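In what follows, a structure is listed as structure tokens, so that the remarks can point back to it.
Keep in mind it's a predicted model, so treat the numbers as computed, not measured. For ligands, and for the atoms within them, numbers begin at 1 and follow the listed sequence. All heavy atoms count here, side chains included; hydrogens, waters and symmetry mates do not.
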Amino acid sequence: MYRRTVTMELITTASALNQKVNRNDISGTIGFVPTMGALHAGHISLVQRAAAENNCVVVSIFVNPTQFNDKKDLERYPRNLEADLNLLKNSGCHYVFAPAVEEVYPEPDKRRFDFGDLETVMEGRFRPGHFNGVGQVVSRLFDIVNPHRAYFGLKDFQQLAIIKKLVALLHYDIEIVPCPIVREESGLALSSRNELLSPAERKNAAAIYRTLSEAHQKSKYQEVSELISWVIREVNQHPPLDVEYFEIVNELTLQPVSTWDDPGGKIGCIAVWCGKVRLIDNVSF
Ligand code: AMP
């Protein structure tokens, strides 16, 4: 019922979207890709995956004020709907949902989620209130779009864990699909915030992934605590890079591991200031 060759439609209200896309009306599946716009090839990879696996694809573009703990970061966040729509053409997206703030939050969202230990570490520690805001917006968008599947990038590894927890807490019948990190040729993870970097900063920012890749090799013979110190030292050698944290954690609990013998998969997560821009990345061990 939804065409494969897609005419994309821009929708700004929840009621208009519900008239077009309704999980109870259609025989096929709805795939949903939530974004904050300033789209790049990383976002498009999620959309293409959603298009390959569903009959109808909805992409939301909404810069969510409740997840910004830093008001300056919210003001600075890049916005360009026209460029986003151009990029989404021919990506397999059927509906772009770009609501105003009042459409998503007719009233202030006062909900407080308990994500347990998942939100006390890393991004949760350095960006107080951030994941509660993410929980609010994702649950509002899930309620409006009501998709079968939702696609999230592994670049925001901790966010993915939080979303899975949100789905469990609120009993959503939605499959969460993790998607691989898309990188620039230099290895730098694509991010909307990369637009804010000067050419020189962007070049230096490539040291983040270079170091993580080398850390992956070193993990075969270096202890966890030594490797953590090495990564921080190495990245900080490329001004203006300034590591906020680098932690090696269990991939499910997100709690720090002390030795490689700890059971379960491990992931190294990093947040780095590059001048005024904060970048995150990760590598699995
Ligand atoms: P954002 O617009 O930054 O909120 O990101 C929207 C979605 O795109 C999130 O699920 C991100 O994890 C994902 N995403 C952002 N950058 C990348 C990337 N370089 N590779 C893959 N997914 C990404």
Part of His40 within contact of ligand 1 (heavy atoms, under 4.0 Å) | side chain

Write out the residue and atom name of the closest protein heavy atom to atom 3 (O) of ligand 1, then the distance separating them to 0.1 Å.
-> Tyr77 OH, 3.8 Å

Note: ligand 1 atoms sitting under 4.0 Å from heavy atoms of Leu46 are 7 (C), 8 (O), 10 (O), 13 (C), 22 (N)

For Leu190, the other hydrophobic cluster members (4.5 Å side-chain criterion, sorted by chain and number) are Val182

Do any nitrogen or oxygen atoms of Gly37 lie less than 3.5 angstrom from nitrogen or oxygen atoms of ligand 1?
-> no

Part of Ser191 within contact of ligand 1 (heavy atoms, under 4.0 Å) = neither

How far is atom 21 (C) of ligand 1 from its nearest protein heavy atom, and which residue and atom name does that atom have?
-> Pro180 O, 3.3 Å

Among all protein heavy atoms, pick the one closest to atom 5 (O) of ligand 1 and tell me residue, atom and distance.
-> His43 NE2, 3.4 Å

Could you find the nearest protein heavy atom to atom 6 (C) of ligand 1 and give me its residue, atom name and distance?
-> Pro34 O, 3.4 Å

Nearest protein heavy atom with distance in Å, relative to atom 10 (O) of ligand 1 = Gly153 N, 2.9 Å

How does Leu160 reach ligand 1, by side chain, by backbone, by both or by neither, if only non-hydrogen atoms under 4.0 Å count?
-> neither

Verify whether the ring centers belonging to Phe68 and Tyr77 lie closer than 6.0 Å.
-> yes

List every atom of ligand 1 that sits less than 4.0 Å from any heavy atom of Thr35, numbering the atoms from 1 in the order shown and giving each element.
-> 2 (O), 6 (C)

Axial cation check for Tyr245 ring with Arg125, 6.0 Å and 45° limits = no

Considering only the protein, which heavy-atom contact is closest to atom 4 (O) of ligand 1, and what is its distance?
-> Met36 CG, 3.6 Å

Short side-chain donor-acceptor distance under 3.5 Å, Glu234 and Thr211 = no

Under 4.0 Å from any heavy atom of Phe152, which atoms of ligand 1 are there?
-> 10 (O)

Do Ser186 and Tyr209 meet the criterion of a side-chain donor-acceptor pair at a distance under 3.5 Å?
-> no

For Ile181, atoms of ligand 1 separated by under 4.0 Å from a heavy atom = 20 (N), 21 (C)

For ligand 1, which atoms, with element, lie under 4.0 Å from some heavy atom of Leu190?
-> 16 (N), 17 (C), 18 (C), 19 (N)

Ligand 1 contact on Cys179 by region, counting heavy-atom pairs under 4.0 Å | neither

In Val59, Leu46, Val138, Leu141, the residue satisfying side chain to side chain contact (heavy atoms under 4.5 Å, CB included) with Phe32 is Leu141

Take Arg111 and Ser139, measure what side chain to side chain donor-acceptor pair (under 3.5 Å) needs, and give me the verdict at the end.
-> CA-CA 11 Å; Arg111 287 174 300 167; Ser139 93; 2.7 Å; yes

Would you please indicate yes or no on a ring centroid separation below 6.0 angstrom for Phe142 and Tyr172?
-> yes

So which heavy atom in the protein is nearest atom 20 (N) of ligand 1, and how far is it from that ligand atom?
-> Val182 N, 2.9 Å

Purely on distance, is any nitrogen or oxygen of Asp156 under 3.5 Å from one on ligand 1?
-> yes

Judged by modelled atom types alone, do Asn54 and Arg149 share a side-chain donor-acceptor pair under 3.5 Å?
-> yes

Do Ile280 and Cys269 have side-chain heavy atoms sitting under 4.5 Å apart?
-> no

Would you call Val121 and Gln255 a side-chain contact if the rule is heavy atoms closer than 4.5 Å?
-> yes

